[in-house]
Amino acid sequence: MADDAKRLMQFLYALRSAGVTSRRVLEAMEKTPRERFVPETFRDRAYDDVPLPISCGQTISQPSVVGMMTQALDVGPRHKVLELGTGSGYQAAILARLARRVYTVERHRRLAERARRLLEELGLTNVTVIWGDATLGLPHQAPFDRIILTAAAEDVPRVLIEQLAEGGVMVLPVGQTDRVQKLIRVEKTGEGLDYTELADVRFVPVIEGLAEDPPE
Ligand code: SAH
């Protein structure tokens with residue numbers, strides 16, 4: 001079997017082993033070329049189930065975690081989605097294939113610009129990348145049907161709950177330290193908030209304010 005086909009099969013196997021069974025999610029991930037979102041030096045590891053370093057000291061998440069989070073978010077074709085922490089733009093690209101409209105916010109200007117260019121190159125025209133501070137959410141576009149945080153918050157941010165539509169779902173890692181974090185799903189119902197704990201995870205932390213980009 002050709003190397004590429006074998007890599008793709010292993011990639012899909014890792015996703016299924018992590019409980020990602022949604023056909024829509026698996027298809028969206030299969031169509032998204034992860035090798036375009038990782039630095040050139042790591043390109044041969046793009047389909048391994050591992051997080052990889054990207055620019056500005058950040059990371060592109062592990063594919064099985066991206067799959068789990070996307071599946072838990074339960075994105076439909078009419079949804080307006082907010083992602084906080086664009087990073088490489090990989091998660092945003094997958095969301096763009098599942099949702100009507102995606103907004104994604106990143107505090108590092110360099111990452112935001114790169115992701116914007118790459119998403120454009122891939123022809124994903126329903127994503128808007130915003131250079132900004134995600135701790136504020138994106139009030140002028142609220143409410144959102146779905147919100148996903150791809151950096152760890154100390155607690156479930158109240159502003160984001162406010163920007164979630166009724167019936168909406170938010171998925172996020174929550175933890176006081178960078179060692180112990182729980183992936184949480186929050187559903188906003190007419191009666192209040194329903195919380196489900198999904199898995200133990202490890203993400204870079206949410207940091208308030210715009211970033212000063214390190215030299216290349
Ligand atoms: N979803 C990304 C991985 C995200 S890594 C991907 O698919 O590649 C987490 C990202 O969150 C980092 O790029 C970090 O800079 C960003 N981040 C952390 N705090 C932030 C904040 N307050 N506002 C916006 N982005 C933030």
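Just so you know, residue 1 is the first one in the sequence shown, and it goes up from there. One-based numbering, in listed order, for ligands and for the atoms of each.
- In terms of modelled atom types and a separation under 3.5 Å, the side chain of Gln71 and the main chain of Ser22 share a donor-acceptor contact.
- Partners of Arg34 according to the salt bridge (charged side-chain N to carboxylate O under 4.0 Å, His left out) rule, which considers only residues two or more places apart in sequence or in another chain, do not exist here.
- For Glu35, the salt bridge (charged side-chain N to carboxylate O under 4.0 Å, His left out) test picks out no residue, with sequence neighbours left out.
- Counting only residues at least two apart or in different chains, salt bridge (charged side-chain N to carboxylate O under 4.0 Å, His left out) contacts with residues 40-52 comprise Arg45-Asp48.
- Side chain of Glu83 to backbone of Val129: no donor-acceptor contact under 3.5 angstrom is found.
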Kindly print each ligand 1 N/O atom paired with any protein N/O atom under 3.5 angstrom away, one pair per line, or none if nothing qualifies.
{"unit_1": "ligand 1", "atom_1": "1 (N)", "unit_2": "Glu83", "atom_2": "OE2", "d": "3.0"}
{"unit_1": "ligand 1", "atom_1": "1 (N)", "unit_2": "Gly85", "atom_2": "O", "d": "3.0"}
{"unit_1": "ligand 1", "atom_1": "1 (N)", "unit_2": "Thr150", "atom_2": "OG1", "d": "3.0"}
{"unit_1": "ligand 1", "atom_1": "7 (O)", "unit_2": "Gln91", "atom_2": "N", "d": "3.0"}
{"unit_1": "ligand 1", "atom_1": "8 (O)", "unit_2": "Ser88", "atom_2": "N", "d": "3.0"}
{"unit_1": "ligand 1", "atom_1": "8 (O)", "unit_2": "Ser88", "atom_2": "OG", "d": "2.6"}
{"unit_1": "ligand 1", "atom_1": "13 (O)", "unit_2": "Glu106", "atom_2": "OE1", "d": "2.7"}
{"unit_1": "ligand 1", "atom_1": "13 (O)", "unit_2": "Glu106", "atom_2": "OE2", "d": "3.4"}
{"unit_1": "ligand 1", "atom_1": "15 (O)", "unit_2": "Glu106", "atom_2": "OE2", "d": "2.7"}
{"unit_1": "ligand 1", "atom_1": "19 (N)", "unit_2": "Ile207", "atom_2": "N", "d": "3.0"}
{"unit_1": "ligand 1", "atom_1": "22 (N)", "unit_2": "Asp133", "atom_2": "OD1", "d": "2.9"}
{"unit_1": "ligand 1", "atom_1": "22 (N)", "unit_2": "Ile207", "atom_2": "O", "d": "2.7"}
{"unit_1": "ligand 1", "atom_1": "23 (N)", "unit_2": "Ala134", "atom_2": "N", "d": "2.7"}
{"unit_1": "ligand 1", "atom_1": "25 (N)", "unit_2": "Arg107", "atom_2": "N", "d": "3.2"}

Next on the checklist: With side-chain contact (heavy atoms from CB on, under 4.5 Å) as the criterion, how do Val65 and Phe203 come out once you've worked through the C-alpha distance, each side chain's angles and the decisive distance to 0.1 Å?
Outcome noted: CA-CA 10 Å; Val65 173; Phe203 277 82; 3.7 Å; yes
